[in-house]
There are 2 protein chains.
Amino acid sequence: MSTNSVVKVSFKEQMLQAREDAIVRTVNRLLAEKGFEAMTVDEVAADVGIAKASLYKHFPSKEDLAAAAMVRVMRRAQDFLSAVPADAAPLDKLKTVARWTIEVQLAGEMPSLPSQNSTLRATLIANRDYMDGLMDLSDRLGGWIEAAQKEGTLNPRLPAIAVLYTLFARACDPVLGFLKAGGQHTDAQIAELVLSTCFDGLNARV
Amino acid sequence: MSTNSVVKVSFKEQMLQAREDAIVRTVNRLLAEKGFEAMTVDEVAADVGIAKASLYKHFPSKEDLAAAAMVRVMRRAQDFLSAVPADAAPLDKLKTVARWTIEVQLAGEMPSLPSQNSTLRATLIANRDYMDGLMDLSDRLGGWIEAAQKEGTLNPRLPAIAVLYTLFARACDPVLGFLKAGGQHTDAQIAELVLSTCFDGLNARV
DNA sequence: GTCTATAATCAGATAGAC
DNA sequence: GTCTATCTGATTATAGAC
């Protein structure tokens with residue numbers, strides 16, 4: 001093997017990786033725009049600029065395309081968590097992550113999947129990268145939740161799992177879309193409103 | 001026209017109404033179970049026990065079937081609102097309605113529609129009964145929201161529209177399904193948890 | 001690996017007899 | 001109005017040449 005051939009292979013692999021990345025980005029965008037059912041594989045292929053058959057060489061099914069997009073957003077979330085200052089207060093960490101989730105959705109970059117589709121669920125559960133990422137996220141957020149509850153800043157009477165789900169649910173909160181459609185508020189205002197209702201609730205503060 | 005023929009017509013109309021009601025109930029249940037996309041018209045017809053072509057004599061499209069289910073649940077909501085004691089505190093009225101919404105969903109009776117589907121949106125907006133019901137609900141809830149804010153029991157810094165959307169969003173809160181799937185809580189406990197996070201927030205009470 | 005062309009299937013909607 | 005049988009279009013997935 002000459003050095004040249006090694007470089008060539010590496011280059012090829014880079015190209016392959018770049019193409020797959022382009023595919024996943026497109027899928028991510030389309031899932032955010034129209035959801036899983038409304039997104040067609042033809043559309044993905046057309047947007048990426050390749051033939052549909054080529055797409056199926058990279059990903060074996062539409063479900064796997066969606067899973068790849070979920071892995072991508074999960075990686076982004078993991079990166080964000082890692083960048084949160086370790087010495088911040090636990091409650092502030094949670095708020096920062098919730099705000100990030102909301103901002104990603106407002107930016108139209110949050111893929112949305114139907115939670116009922118069973119074949120999609122099966123594909124996600126079978127996806128090692130997805131499950132590992134989900135576990136990692138849950139563990140780290142769970143740690144912050146328990147810390148905030150011990151500290152007394154987060155309601156200790158709420159089960160940690162309920163808090164975790166409530167935070168995850170901000171990633172697909174329809175209130176964001178409603179308020180955005182209303183056109184009466186900026187994205188920043190919407191984010192603060194939803195963040196406030198999430199942590200402070202609807203009640204007046206005492 | 002003999003009296004007999006009049007009775008006959010009335011009887012026929014009753015039968016027709018009963019059949020349509022059976023259809024809408026089935027659609028409501030299937031929409032709650034699997035959502036709009038996963039529900040097929042074949043399935044609806046089979047469950048009701050009539051031919052698909054007969055279904056299309058009653059409702060011109062799948063979208064109209066879904067709209068009829070939404071009108072039905074809206075009517076139920078209107079009836080519930082009317083039954084709320086007029087002399088109750090505004091905040092309690094809102095909590096009661098939120099709890100009802102949550103309970104309907106937990107009971108598997110809340111139809112869920114994709115908010116992105118544009119043809120479905122068009123059908124809903126064109127449906128007079130649906131729009132009238134939605135307006136009526138929004139008006140009455142809006143009145144309670146403003147009253148609660150004036151009273152100082154509901155956060156006055158939140159736009160009323162944001163509060164309204166937040167309450168509506170409880171009708172499709174994925175947290176309910178997550179907690180239910182976890183199997184660690186009863187329906188009543190889940191309802192109280194979600195209701196608490198909605199009104200009190202995640203923060204510890206001061 | 002990428003393409004064109006096509007298979008295979010499924011679901012919404014309709015024709016036409018009764 | 002209800003039925004059986006069918007149409008139509010859309011969509012996932014694949015075959016086979018290059």
Side-chain angles (χ1 to χ4, degrees), chain A residues 5 8-24 26-27 30-31 33-69 113-114 116-124, chain B residues 5 8-24 26-27 30-31 33-69 113-114 116-124:
Chain A
S5 101
K8 251 185 177 170
V9 168
S10 168
F11 180 73
K12 261 189 180 174
E13 281 173 358
Q14 273 195 1
M15 288 294 96
L16 193 78
Q17 190 57 45
R19 170 149 291 185
E20 293 204 345
D21 199 62
I23 293 172
V24 177
T26 297
V27 170
L30 290 175
L31 283 180
E33 279 175 17
K34 28 206 320 185
F36 180 75
E37 325 272 359
M39 177 188 80
T40 70
V41 179
D42 285 280
E43 199 178 7
V44 175
D47 272 33
V48 176
I50 63 176
K52 186 164 50 170
S54 306
L55 208 54
Y56 275 97
K57 298 284 181 179
H58 291 275
F59 299 91
S61 75
K62 184 185 177 184
E63 282 75 18
D64 285 283
L65 279 175
L113 302 184
Q116 304 124 331
N117 190 322
S118 61
T119 76
L120 181 54
R121 277 188 71 83
T123 302
L124 284 174
Chain B
S5 99
K8 250 186 175 170
V9 168
S10 168
F11 179 73
K12 261 189 179 174
E13 279 174 359
Q14 271 194 2
M15 288 293 96
L16 193 78
Q17 190 58 43
R19 171 147 290 188
E20 292 205 345
D21 199 60
I23 294 171
V24 176
T26 297
V27 171
L30 289 175
L31 283 180
E33 278 176 16
K34 26 207 320 184
F36 180 76
E37 325 271 0
M39 176 189 81
T40 70
V41 179
D42 286 279
E43 200 177 8
V44 175
D47 273 33
V48 175
I50 61 176
K52 185 161 58 168
S54 306
L55 209 56
Y56 275 98
K57 298 283 182 180
H58 291 274
F59 299 92
S61 74
K62 185 185 178 185
E63 282 76 18
D64 286 283
L65 280 175
L113 302 183
Q116 303 126 331
N117 189 322
S118 62
T119 77
L120 181 55
R121 279 189 70 84
T123 301
L124 285 173

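Every chain is numbered from 1 and lettered A, B, ... according to where its sequence line falls, protein lines coming before strand lines.
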Report task. Just call it for B/Thr40: base, sugar-phosphate, or nothing, with non-hydrogen atoms closer than 4.0 Å on any strand. Result -> sugar-phosphate
note: B/Asp42, atom CG; C/dT14, atom C1'; distance rounded to Å ~ 13 Å
Per atom distances to the A/Leu16 side chain, the nearest of C/dG1, D/dC3, D/dT11 is C/dG1
note: A/Leu55, atom CG; D/dA13, atom C1'; distance rounded to Å ~ 11 Å
Here the distance between atom C1' of C/dA11 and atom CG of B/Leu120, to the nearest Å, is 16 Å
When rounded to the nearest 0.5 Å, the distance separating CG of A/Leu31 from OG1 of A/Thr26 is 10.5 Å
Whole-Å distance, B/Glu43 CD to C/dA13 P, equals 15 Å
Between NZ of A/Lys52 and P of C/dA5 the distance, given in whole Å, is 13 Å
Distance col, row A/Arg19:CZ vs A/Gln17:CD, nearest 0.5 angstrom, shows 12.5 Å
To the nearest angstrom, the OH-C1' distance between B/Tyr56 and D/dG1 comes to 17 Å
Of the listed C/dT2, C/dG12, D/dT12, the closest approach to the A/Arg19 side chain comes from C/dT2
Notebook entry, point to check: Contact class for A/Met39 vs. all strands (heavy atom < 4.0 Å): base, sugar-phosphate, or nothing?
Noted result: sugar-phosphate
Correct closest heavy-atom pair for B/Val27 and B/Ala69 would be CG1-CB, 3.9 Å
Taking only N and O in the side chain of B/Ser54, is any of them less than 4.0 Å away from OP1 or OP2 of D/dC3?
-> yes
Side-chain contact check for B/Lys57: nearest option of C/dT14, C/dA13, D/dT2 is D/dT2
note: B/Glu63, atom CD; C/dA11, atom C1'; distance rounded to Å ~ 12 Å
Exercise. Counting N and O atoms only, with roles assigned by atom type, does the side chain of B/Lys62 sit under 3.5 Å from a partner on the main chain of B/Leu120, one being a donor and the other an acceptor?
Worked result: no
Rounded to whole Å, the NZ-C1' distance (A/Lys62 to D/dA10) equals 11 Å
Between the CG atom in A/Leu16 and the CG atom in A/Asp21, the distance rounded to the nearest 0.5 Å is 11.0 Å
